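All remarks here apply to the structure that follows.
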Amino acid sequence: RPPVTLVLNKIDKASEMRWVTSREREFKTHGQFDGIFYTSATKSNGIVKLLEHLKRRAKPRPWLYPSELLTTMSHTEQVTQVV
């Protein structure tokens, strides 16, 4: 099975860290995670550690498409195609 990383974003919006850790425990009952990260994208909290983890886990491979190829798809459509 491919590795799964759990990212709990918007932790700056949580009234208490207790609530965040409770969500982590809840998610852990549904699966195993290669890494668990608490982030706040708007405040850039936890983003560097998350990116470092993803870079370590990424496997080098050839690009699927040539670099000069352009698309008219939105970012959301592109992600949907990959996932």
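Since the model is a prediction, treat every value here as computed from it, not as a measurement. Only heavy atoms go into these numbers, but all of them, side chains included; no hydrogens, no water, no symmetry mates.
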**Request:** Can you sort out the partners of Ser74 under side chain to side chain contact (heavy atoms under 4.5 Å, CB included), two or more places apart, ordered by chain and number?
**Result:**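 Testing Ser74 for side chain to side chain contact (heavy atoms under 4.5 Å, CB included), a comparison that skips the adjacent residues, returns Thr76, Glu77.
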
**Prompt:** For Arg18, what residues pass the side chain to side chain contact (heavy atoms under 4.5 Å, CB included) criterion, not counting sequence neighbours?
**Reply:**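 Listed in chain order: Glu16.
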
**Message:** Grouping I, L, V, M, F, W and Y whenever their side-chain heavy atoms are under 4.5 Å apart, do Val48 and Leu50 come out in a common cluster?
**Reply:**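 No, no single cluster joins them.
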
**Asked** Would Leu6 end up clustered with Ile11 when hydrophobic side chains under 4.5 Å apart are linked, directly or stepwise?
**Response**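 In one cluster with Leu6: Ile11, yes.
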
**Asked** To which residues is Leu69 joined in a hydrophobic cluster, defined by side-chain heavy-atom contacts under 4.5 Å among Ile, Leu, Val, Met, Phe, Trp and Tyr, whether direct or through other members?
**Response**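 Under the 4.5 Å side-chain rule, Leu69 groups with Leu64, Tyr65.
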
**Message:** Quick check for you: to the nearest 0.5 Å, what is the distance between Leu54 atom CG and Glu52 atom CD?
**Reply:**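 It comes to 10.5 Å.
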
**Asked** Which pairs count as salt bridge (Lys or Arg N to Asp or Glu O under 4.0 Å) when at least one residue sits in residues 64-74, sequence neighbours excluded?
**Response**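 Listed once each, the pairs would be none.
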
Side-chain donor-acceptor pairs of residues 26-40 under 3.5 Å, sequence neighbours excluded:
residue, atom, partner, partner atom, Å
Glu26, OE1, Arg23, NE, 3.0
Glu26, OE1, Arg23, NH2, 3.1
Lys28, NZ, Glu24, OE2, 3.2
Thr29, OG1, Glu26, O, 2.6
Asp34, OD2, His53, NE2, 3.4
Asp34, OD2, Arg57, NE, 2.7
Tyr38, OH, Glu24, OE1, 2.2
Thr39, OG1, Asn9, OD1, 2.9
Ser40, OG, Asp12, OD1, 2.9
Ser40, OG, Lys43, N, 3.4

**Request:** Answer yes or no: is there a side-chain heavy-atom contact under 4.5 Å between Arg25 and Thr21?
**Result:**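 Result yes, sub-4.5 Å side-chain heavy-atom pair found.
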
**Request:** Determine the minimum heavy-atom distance between Gln78 and Met73, stating which atoms define it.
**Result:**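 Looking at all heavy atoms of both residues, the closest pair is NE2-O, 3.2 Å.
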
